[in-house]
J.: 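Okay, handing you the structure first.
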Amino acid sequence: MTLRDKKLLIIGSRSGIARRIAADATAAGAEVVLAGRGPDADARVDLADEDSIRALAERVGTLDHLVALGADRANGPVTELDRAAVTRAFDAKVIGPIMLAKHFAGRFRPGGSVLLFSGVAAWRPVPGRTVMAATNGAVAFLAEALAVELAPVRVNAISPGVIDSGVWDGLGDAKDAFFADTAARNPTGTVGRTEDVASAALLALANPFVTGTTLHVDGGGRLA
Ligand SMILES: NC(=O)c1ccc[n+]([C@@H]2O[C@H](COP(=O)([O-])OP(=O)(O)OC[C@H]3O[C@@H](n4cnc5c(N)ncnc54)[C@H](OP(=O)(O)O)[C@@H]3O)[C@@H](O)[C@H]2O)c1
């Protein structure tokens with residue numbers, strides 16, 4: 001159960017969790033290709049653009065593991081949601097990964113796997129986060145369906161809770177209070193760190209008997 005000499009494609013080059021998975025997998029001896037929309041990516045891909053997914057698959061060739069962390073948010077009261085934003089959210093989390101499965105199926109080496117990213121919002125819905133709940137919930141079922149259809153390629157999902165990945169930095173001065181409140185509610189008494197998610201990701205990638213599973217890395221937040 002090792003990632004040594006395995007080839008990983010990680011999508012979400014500007015995600016803090018993606019960068020931590022890339023660093024930890026590289027330290028474990030894997031070859032990592034980090035793909036995304038930003039100029040810092042090793043390879044360019046837009047999960048809303050099937051042609052770019054097809055081109056990425058041709059460029060990458062064969063691989064061992066594919067990790068998809070794309071997320072685009074359409075938050076706000078359901079009465080005010082913009083349809084295009086809702087579509088972008090489903091493109092990043094649900095339709096994009098389905099297109100990844102379409103174009104990468106058949107490219108996995110023996111023992112290969114796919115790892116999708118869900119999120120605690122599906123299990124703890126709150127007003128204004130309906131799209132986040134729906135996309136993350138869909139990911140958990142997508143992992144089960146793909147685990148059956150792509151077998152023996154394994155397919156799993158990780159559902160993070162609140163993680164200090166950089167994505168919350170936009171809260172500014174309110175971030176500390178939000179983290180303190182979240183930590184107080186979580187059974188672990190903490191918010192998550194990118195290394196917490198990365199260690200679960202590496203386990204899901206390397207363990208040959210884990211498939212069709214959503215691994216909750218949420219400090220128990222979905223139960224609180
Ligand atoms: N951090 C948390 O508290 C938390 C909680 C629950 C779930 N999660 C999930 O964990 C994953 C990683 O989260 P994170 O906090 O590290 O960072 P994040 O900011 O949520 O990362 C999202 C990434 O998705 C990319 N993306 C969005 N739309 C895309 C598209 N159409 N094509 C390609 N890439 C696209 C973004 O790229 P650009 O930079 O190009 O926009 C960004 O790199 C996400 O799936 C997120 O939903 C995180």
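Whatever order the structure lists them in is the order used to number ligands and atoms, beginning at 1. Numbering starts at 1 and runs along the sequence shown. Remember, predicted model here, so these are calculated numbers, not experimental data.
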J.: Which bit of Asp91 gets closer than 4.0 Å to ligand 1, counting heavy atoms only: side chain, backbone, both or neither?
T.: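 Near ligand 1, Asp91 shows nothing, with every heavy atom at 4.0 Å or more.
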J.: Relative to each other, are the rings of Trp123 and His216 parallel, tilted or perpendicular (30° and 60° limits)?
T.: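 Plane angle over 60°, so perpendicular.
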J.: Please report the shortest heavy-atom distance between Gly221 and Asn186, naming the atom on each side.
T.: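 For Gly221 and Asn186, the tightest heavy-atom pair comes out as CA-OD1, 3.2 Å.
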J.: Between the candidates Gly119, Pro160, Gly96, which shows the shortest non-hydrogen contact distance to atom 8 (N) of ligand 1?
T.: Pro160
J.: So, the side chain of Arg37 versus the backbone of Arg44: is there a donor-acceptor pair under 3.5 Å, distance only?
T.: no
J.: Heavy-atom contacts under 4.0 Å between Ser15 and ligand 1: side chain, backbone, both, or neither?
T.: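 Contact part for Ser15 vs ligand 1: both backbone and side chain.
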J.: Taking 4.0 Å as the limit for heavy-atom contacts, which would you say applies to Arg44 with ligand 1: side chain only, backbone only, both, or neither?
T.: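 Neither part.
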J.: Return yes when Ala48 approaches ligand 1 closer than 4.0 angstrom through a heavy atom, no otherwise.
T.: yes
J.: Is a salt bridge present between Arg109 and Asp64, judged by a nitrogen-to-oxygen distance below 4.0 Å?
T.: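 Looking at Asp64 together with Arg109, the answer is yes, because their closest N to O distance falls below 4.0 Å.
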J.: Please identify which atoms of ligand 1 are closer than 4.0 Å to at least one heavy atom of Ile163.
T.: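 Heavy-atom distances to Ile163 below 4.0 Å select 1 (N), 2 (C), 3 (O).
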J.: Among all protein heavy atoms, pick the one closest to atom 18 (P) of ligand 1 and tell me residue, atom and distance.
T.: Arg73 NH2, 3.8 Å
J.: What about Gly38: any of its N or O atoms under 3.5 Å from an N or O on ligand 1?
T.: no
J.: Measure the distance from atom 31 (N) of ligand 1 to every protein heavy atom, then report the residue, atom name and distance (to 0.1 Å) of the closest one.
T.: Asp46 OD1, 2.9 Å
J.: In the protein, what heavy atom is nearest to atom 45 (O) of ligand 1, and what distance, to one decimal place, separates them?
T.: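 Minimum-distance protein heavy atom for atom 45 (O) of ligand 1 reads Leu69 O, 3.0 Å.
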J.: Among all the protein's non-hydrogen atoms, which is closest to atom 13 (O) of ligand 1, and how far away is it?
T.: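 Looking only at protein heavy atoms, the one closest to atom 13 (O) of ligand 1 is Ile17 CD1, 3.9 Å.
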J.: Which heavy atom of the protein is the closest neighbour of atom 5 (C) of ligand 1, given with residue, atom name and distance?
T.: Gly161 O, 3.0 Å
J.: Does Trp168, backbone or side chain, put an N or O under 3.5 Å from an N or O of ligand 1?
T.: yes
J.: Using a heavy-atom cut-off of under 4.0 Å, does the side chain or the backbone of Ser118 touch ligand 1, or both, or neither?
T.: backbone
J.: Regarding ligand 1, does Ala18 bring an N or O atom to under 3.5 Å of one of the ligand's N or O atoms?
T.: no
J.: So which protein heavy atom does atom 15 (O) of ligand 1 come closest to, and at what separation?
T.: Ser165 OG, 2.5 Å
J.: Could you tell me whether Glu195 atom CD has more than 12 heavy atoms of other residues or ligands within 6.0 Å of it?
T.: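 Buried by this count: over 12 neighbours within 6.0 Å.
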J.: What's the shortest distance from atom 35 (C) of ligand 1 to any protein heavy atom, and which residue and atom give it?
T.: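 It is Arg37 NE, 3.7 Å.
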J.: Side chain to side chain donor-acceptor pair (under 3.5 Å) with Lys93: which of Asp72, Thr135, Asn136?
T.: Asn136
J.: Should the proximity of Val167 to ligand 1, defined as any heavy atom under 4.0 Å, be assigned to the side chain, the backbone, both, or neither?
T.: side chain
J.: Give the atom numbers and elements of ligand 1 that come within less than 4.0 Å of a heavy atom of Gly12.
T.: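 Here the atoms of ligand 1 in question are 43 (O).
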J.: Given side chains that start at C-beta, do those of Lys6 and Leu8 come closer than 4.5 Å, heavy atoms only?
T.: yes
J.: Would you say the side-chain atoms of Arg154 pair up with the backbone N or O of Val210, donor to acceptor, closer than 3.5 Å?
T.: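 Indeed, once roles are kept as given, a pair shorter than 3.5 Å links the two residues.
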J.: Compute the shortest N/O to N/O distance between Ala92 and ligand 1 and return yes if it is under 3.5 Å, no if not.
T.: no
J.: Please could you name the atoms of ligand 1 that Arg14 approaches to less than 4.0 Å, counting only its heavy atoms?
T.: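 Result: 38 (P), 39 (O), 40 (O), 43 (O).
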J.: Does Leu202 reach the side chain of Leu3, with side-chain heavy atoms less than 4.5 Å apart?
T.: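 Yes, side chains in contact.
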J.: Taking non-hydrogen atoms only, is Lys93 closer than 4.0 angstrom to ligand 1 via side chain, backbone, both or neither?
T.: side chain
J.: Taking 4.0 angstrom as the limit and counting only heavy atoms of Val162, give me the atoms of ligand 1 inside it, by number and element.
T.: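 In order of number, 3 (O).
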J.: For atom 32 (N) of ligand 1, grab the closest protein heavy atom and report residue, atom and distance to one decimal in Å.
T.: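 Here the closest protein heavy atom is Leu47 N, 2.7 Å.
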J.: Using atom types as modelled and distance alone, determine if a side-chain donor or acceptor of Asp24 lies under 3.5 Å from a backbone N or O of Ala198.
T.: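 No, because the side chain of Asp24 does not come within donor-acceptor range (under 3.5 Å) of the backbone of Ala198.
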J.: Verify the distance criterion only: is there a donor paired with an acceptor across the side chains of His103 and Glu50 at less than 3.5 Å?
T.: yes
